[in-house]
Structure formats: structure tokens, C-alpha cells
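Below is one structure, written out as C-alpha cells; comments come after it.
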Amino acid sequence: MFLVRLIYASRADEQFKGDEIGRLLDTAREHNTKADVTGILCFHRHYFLQCLEGSRTSVNAVYRRILNDWRHHDIVLLDYKEVDKREFSCWSMAYLPDTELTRELNLEFSGSSEFDPFSMSGEASHQMLLKALATLPSVPSK
């Protein structure tokens with residue numbers, strides 16, 4: 001079984017309210033645990049940035065669900081590649097809240113201090129998520 005990493009960005013539907021993120025995460029964690037998919041989700045006002053890791057079949061199935069989810073619009077695949085190991089293996093879905101995205105972090109990995117995953121490369125997105133992960137509590141939130 002090959003491991004893959006998929007990173008995408010999307011715009012949140014206007015009807016999606018930020019306080020609904022808890023339910024979205026609960027559902028994602030439940031599905032991902034069953035499918036052995038790991039990763040991290042970043043939600044920042046109007047944007048989603050997410051990295052998924054797992055078997056090709058499982059990651060593709062999760063991504064297919066996301067493509068059909070009313071909460072996501074303008075979905076753009078930023079990166080998809082085979083990998084030797086997972087980097088978010090402790091998290092069925094880690095969550096990077098808006099408060100963890102700083103001006104400096106955005107500026108380091110994009111051309112602007114404002115968070116806009118559509119202006120980032122797949123590799124820059126991946127590196128930003130890894131660096132941001134270091135700011136989260138050390139106990140994973142499965």
C-alpha cells in the first residue's frame with residue numbers, strides 16, 4: 001500500500017459559520033479514524049487549507065467527499081504525492097485555528113501577511129502546516 005499526501009485549499013460557503021467547525025472536525029475525525037487517514041485542517045475566516053495522509057484509496061475517498069461537500073467552493077488541489085511516511089500520524093485531524101496563523105507565518109510562506117492558501121504553492125502550504133503544528137499543544141486531538 002502506497003502512502004500519499006494530498007493538500008488542497010477551498011473557499012468556505014457563505015452559509016458556513018465559524019462556530020460550526022467543531023462539528024466538522026468531529027465528523028472528519030470519526031471518518032478519518034475508520035479509514036486510517038491522518039492530517040491537519042486550517043480554517044481561517046473564508047478559507048480551508050487541509051493536508052490528508054494515508055493510503056491512496058482512503059485519501060482519494062476522503063477528498064471525493066470533500067469535493068461534494070456544500071461547505072467547500074473553488075477547491076484547488078495544491079499538492080498530491082507519494083510519501084515514505086506520515087508527518088501528522090498522531091492526528092486523525094489536527095486543527096490549526098485562526099488564532100495560530102500569524103502575520104509572520106503567512107509572510108514566511110506566501111507573498112502576503114494575509115492568509116490566502118490560493119496564493120501558496122503546495123510545498124509552501126505543507127511547510128507552513130508543519131511549522132504551525134509546532135505551535136499546537138503537544139497532546140494530539142484525535
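Source: prediction; values computed, not measured.
- When all heavy atoms are compared, the tightest approach of Ile7 to Gly122 is CD1-O, 3.8 Å.
- The hydrophobic cluster containing Leu52 also contains Leu24, counting ILVMFWY residues as joined when their side-chain heavy atoms lie under 4.5 angstrom apart, directly or transitively.
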Evaluate Asn32 against Trp91 for side chain to side chain contact (heavy atoms under 4.5 Å, CB included), listing each step before the verdict.
CA-CA 9 Å; Asn32 291 355; Trp91 290 267; over 6 Å; no
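- The hydrophobic clustering, which links ILVMFWY residues whose side-chain heavy atoms are closer than 4.5 Å, places Leu25 and Phe43 together.
- Between the CZ atom of Arg23 and the CZ atom of Arg71 there is a distance of 9.0 Å, given to the nearest 0.5 Å.
- Cation-pi geometry between Arg11 and Phe118 is satisfied (NZ or CZ under 6.0 Å from the ring centre, within 45° of the ring normal).
- Here the side chain of Ser89 pairs no donor or acceptor atom with the backbone of Arg86 at under 3.5 angstrom.
- Here the closest non-hydrogen pair linking Pro117 and Phe48 is CG-O, 4.0 Å.
- Glu82 CD: more than 12 foreign heavy atoms inside a 6.0 Å radius.
- Across all their heavy atoms, His72 and Ser10 have their closest contact at ND1-OG, 2.7 Å.
- Taking all atoms of both residues into account, the shortest heavy-atom contact from Ala132 to Leu96 is CB-CD2, 3.4 Å.
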Set out, in order, the CA-CA distance, both residues' side-chain angles and the distance that settles side chain to side chain contact (heavy atoms under 4.5 Å, CB included) for Gln50 and Leu6, then state yes or no.
CA-CA 8 Å; Gln50 185 169 25; Leu6 181 152; over 6 Å; no
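- Rounding to the nearest 0.5 Å gives a distance of 5.5 Å between CZ of Phe2 and CZ of Arg56.
- In terms of heavy-atom proximity, Ile75 sits nearest to Ile66 at CD1-O, 3.6 Å.
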Give the C-alpha distance, both sets of side-chain angles, the deciding distance and a yes or no for side chain to side chain contact (heavy atoms under 4.5 Å, CB included) between Leu129 and Phe88.
CA-CA 10 Å; Leu129 290 170; Phe88 303 101; 4.3 Å; yes
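- Expressed to the nearest 0.5 Å, how far CE of Met93 lies from CD1 of Ile40 amounts to 8.5 Å.
- The OH atom of Tyr63 sits 10.5 Å away from the OH atom of Tyr80 when rounded to the nearest 0.5 Å.
- Of the possible donor and acceptor atoms, one in the side chain of Ser58 sits under 3.5 Å from a partner among the backbone N and O of Ala35.
- The neighbour count for His46 NE2, taken as heavy atoms of other residues, nucleotides or ligands under 6.0 Å away, does not exceed 12.
- Ring centroids of Phe115 and Phe109 are separated by 6.0 Å or more, keeping the two rings apart.
- Side-chain atoms of Glu53 come within 3.5 Å of backbone atoms of Glu87 as a donor-acceptor pair (strictly under, hydrogens ignored).
- Side-chain contact check for His44 versus Leu49: every heavy-atom pair is 4.5 Å or farther apart.
- Between Leu78 and Ser125, the shortest heavy-atom distance links the atoms CD1-OG, 3.4 Å.
- One hydrophobic cluster holds both Leu77 and Val37 under the rule that ILVMFWY side chains link at heavy-atom gaps under 4.5 Å.
- With values rounded to the nearest 0.5 angstrom, Tyr8 atom OH is found 9.0 Å from Leu67 atom CG.
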Would you check, one step at a time, whether the test side chain to side chain contact (heavy atoms under 4.5 Å, CB included) holds for Lys81 with Glu123?
CA-CA 11 Å; Lys81 66 174 73 170; Glu123 185 58 27; 3.8 Å; yes
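- Of the candidates Arg103, Gln127, Lys131, Glu108 forms a side chain to side chain contact (heavy atoms under 4.5 Å, CB included) with just one, namely Lys131.
- Rounding to the nearest 0.5 Å gives a distance of 9.5 Å between CD of Glu20 and CG of Asp13.
- A continuous path of ILVMFWY side-chain contacts below 4.5 Å connects Met120 to Val76, so both sit in one hydrophobic cluster.
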